[in-house]
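Below is one structure, written out as structure tokens; comments come after it.
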Amino acid sequence: MTYSEGDGGVSGQSLMFAATPLNMRNHRLQWLFRALFGLMTLILVVPVGIIFGVLLVRGGPAISFEFLFSYPSDGMTAGGIWPALVGTMWLVAVSLIASVPVGVAAAIYLSEYAPDNWLTRGINLAIINLAGVPSIVHALFGVGAFVIFAGFGTSILAASLTLAVMTLPLVIVATRESLQAVPMAFREACWNMGATRWQTIRTVVLPNAISGILTGVILSVSRTAGETAPIMFTGAAFFFPFLPSSVFDQTMAMAMHLFVISTAVPGAPDELKYGTALTLITLVLLMNAASIWFRSYLRGKKKW
Amino acid sequence: MVATDVKLAVRDLDIQYGGQRALSGVSLDVHEHEIFGIIGPAGSGKTSFLRTLNRMEMLHENMTVNGSIVFDGHDISEIQNVYALRRHIGVVFPLPVGLPLSIYDNVALAPRLSGIKEKSDLDEIVEQCLMRAALWDEVKDRLDALGSLLSGGQQQRLTIARALSQDPELLLLDEFSIAVDPVTTMRIEDVLKELKEEITIILVTNLVQQARRLADRTAFFLDGQLIEVGETEALFRGEAKDHRTLDYLEGRFG
Amino acid sequence: MLAKRVKRSAPMDLDHRGRAWYIDKAVTFLVFVGGISAIIFIIGIFVFITKEGAGFIVGPLNVREFFASLTWRPTSSQNPSYGVLGLIAGTASVTGLAMVVSVPFSLGAAIFIGEFATGRLRESLKVLVELLAAIPSVVWGFIGLSIMNPLIIDMFDVPVGIGVLNSGIILGLMAAPIMTTIAEDALKAVPDTYREAAEAMGATKWQVIFRVVLPAGKNGLVAAVLLGVGRGFGETMAVLMASGNAIQIPTSPFDSVRAITATIAAELGDAPVGSDHYRALFTLGILLFVVTFIINLTADLVVKGARRA
């Protein structure tokens, strides 16, 4: 009795789940959509693969020890990119010195101190907009504020500060995120022991957020190295065949150099252009890949 | 009854969370060198009460506290250095928190914050506190392991060791045995009995029998009100003045 | 206990504010300054570009000519003219084409990554999109100039391959990863309970996506598109290098155009500091600042609106 009832139930169920024409249609549609969206994703990703391949094929042969470490010559139609590489390092270093302390302080304020009020909302809005302002407007700001008003002239300092303002939101957002990932209970435990807010941040919060902060810093380095517009009028020179000796010098820079040789130097050989482009994009992508790898490494390494 | 020094005097304490009343009109005294038990069902305001004692309410934006709390003759709402107050009051919460520092640094943190730098002093404090919290034998060979990766019970004992490392005058324990096995609970209870000679302890517990074993006097909280305070033994002998206390002690609700 | 412990500062230190107390106060002040720096900078940007551009706004600016004239001839000594209509048309055509190219693909990719792809595939696609977003704009410009240009000439048999089409595609490829990332975040923000509820009612995957997930994530998707528009609108180097830089209202996708951003980048170096030309370029900067500000603000409000709902 019980058995037959059970059997009836089972067969009824299997009948219920048998493929109906509607079901089949749905199944085909689902497959279709999956394929369609997958194709769209491919179309976004593939051209970039092709582009990178072209850069690699045409620029690869140009890259040599000589290319990386020698000065441009013959009116920038020959030679290497050494001063541009060094200049980019200067710009990155000086702008990090400016943006990291300010950005980390801002993130600490937002994550650890800021009450939920109009000022905090204002700060968040300002961060969003700072990230959204076009780079050429940052350039205008750099000219008005650092080159002219502060009197730095067109110099590494003025260019780096302009870049620092531009990358500040990146540092703030990454740092704030990693600070907020530290559980509240750790802070409360410290406060209960009589630690001040700063002691708590220093001993428990920052050490556990430092790797996340580093990820953000690497990202901002890559962004800084690739920017052209903000430095065009604030410190990057078309051609400056010396290594800078102080922050008040002008300098060449990788991104600017690529722009110059591909638009303003008639007769610059393709090999040189592709080599420069390949070097720049490799630098930038390597740093991004490093930060991505770093992030996933950290995710796998639980501390609580 | 022997005349004793009052360590903590609470008068007319009201606690609200954004207009929602959590505790109202509580007045009580905690004496020096006693274990003061607080019992009551969940949501009766016990934890909120503890939180105000070291002024953690400052950190909860919607929490407002009225009334006076006098600690060793100081009104705690008027003191200038709230961090010093918190160093004198050790707290152990129900959920263990092993900080993501080494076991050694977990325990050495509070002494370091109060200015102890000598390695040998720190070593001694760490060893003593871990021993008292019944954790030393398990971790003495791996003091540099992360405190946050210990098991729940071990983390709770680490939390207790940390509270002791503050060298507190008043120790607040909030249902500390939730995450600890019965044997360890017994060991910690023994430690608490010893500690009583030196410091004052407030023990919030959901285990009536734990209050009976440890507390000299016990307060019964219900729905944000202090129903009564009495000698623990007297309460358990059935001499409670309020029938709700009796009902709770006898397990008729809770 | 602990007899060797440092004796407590007798009798009680509750009213003594030690070094830690003052350090804490100082740090509180310092990080507050850091916190408001973002506001200071955004106001600073506005103030400084306005300061440099003000001389033009109160002086030679003729609002009607500015927005209605096609003639941008700031360097003419006899008869300078400051019409930005052509520049606006340039920016609009390039950004418009970029959006046409990239919005469907970005949203499609976001749906694929967020709803279909799983595990390793999903992670690798996300990494790829992130790397895409990192390619510097000058490299994109170079690609437009050196790879796309001959490609367009060959494919369409036109004399010049830089113009609306070239820079539109480049800009589309640049804006796509940002839109994909934000759109995917928006889809991820739709609670799984919605999906489960719909699936429990027998809906298929694509029904769940179209009837439940997309409507629920609508605001986030709108914000993603808005931010993509903002990115295209403000992009400088790629447009400067791939659009051809002739000031005109384009009539074909192969026409050369000049964007607002590209104009500033191309001319600021030659404009003497303090000249009308120089100030006019800063006025273009004010225009860019205000428009992107509005776009970002709107995107933010749209996202917040979604969260409140």
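Each chain gets a letter, A, B and so on, in the order its sequence line appears, and its residues count up from 1.
- Taken to the nearest 0.5 Å, the CZ atom of R197(A) stands 8.0 Å off from the OG1 atom of T28(C).
- By number of non-hydrogen pairs under 4.5 angstrom with chain A, the leading residue of T261(C), L288(C), I264(C) is I264(C).
- Within residues 170-184 of chain C, the residues having any heavy atom under 4.5 Å from a heavy atom of chain A are, by residue number, L173(C), A176(C), T180(C).
- Salt bridge present: R295(A) and E130(C) bring a charged side-chain N and a carboxylate O closer than 4.0 Å.
- For the set V138(C), T292(C), L121(C), the count of heavy-atom pairs under 4.5 angstrom toward chain A peaks at V138(C).
- In this structure, chain C has heavy atoms under 4.5 Å from both the backbone and the side chain of L285(A).
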Might you work through the ring pair (Phe, Tyr, Trp, His ring centres under 6.0 Å) test for F149(A) and F48(C), ending with a clear yes or no?
CA-CA 9 Å; F149(A) 184 76; F48(C) 274 102; 5.2 Å; yes

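- Interface remark: L44(A) contributes backbone and side-chain atoms alike to the contact with chain C (heavy atom separation under 4.5 Å).
- Note: T204(C) leads I295(C), I23(C), T204(C) in heavy-atom pairs under 4.5 Å with chain A.
- Proximity to chain C is absent for every atom of V104(A), based on heavy atoms less than 4.5 angstrom apart.
- In terms of non-hydrogen atom pairs under 4.5 Å with chain A, the most contact-rich of A265(C), G269(C), A133(C) is A265(C).
- A donor-acceptor pair under 3.5 Å is formed between the side chain of D24(C) and the backbone N or O of W198(A).
- Using a 4.5 Å cut-off between heavy atoms, A229(A) touches chain C through backbone and side chain atoms alike.
- Between F41(C) and F141(A), the two ring planes are perpendicular [angle over 60°; tilted spans 30° to 60°].
- Heavy-atom distances place the side chain of I292(A), and not its backbone, under 4.5 Å from chain C.
- For the options T236(C), L240(C), V273(C), heavy-atom pairs under 4.5 Å to chain A are most numerous at T236(C).
- Within the 4.5 angstrom heavy-atom criterion, atoms from both the backbone and the side chain of I123(A) approach chain C.
- Contact annotation for L131(C): both backbone and side-chain heavy atoms come within less than 4.5 Å of a heavy atom of chain A.
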**Prompt:** K273(A) and F142(C): side chain to side chain contact (heavy atoms under 4.5 Å, CB included), yes or no, with the steps?
**Reply:** CA-CA 9 Å; K273(A) 298 182 201 167; F142(C) 174 73; 3.4 Å; yes

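- Few gaps surround CZ on F52(A); more than 12 heavy atoms of other groups in view lie less than 6.0 Å from it.
- For F259(A), the parts lying near chain C are the backbone and the side chain together; criterion is any non-hydrogen pair under 4.5 Å.
- Y278(C) touches chain A through its side chain: at least one heavy atom from C-beta onward sits under 4.5 Å away, while N, CA, C and O do not.
- Taking G234(C), G108(C), G285(C) one by one and counting their heavy-atom pairs under 4.5 Å with chain A, the maximum is reached by G108(C).
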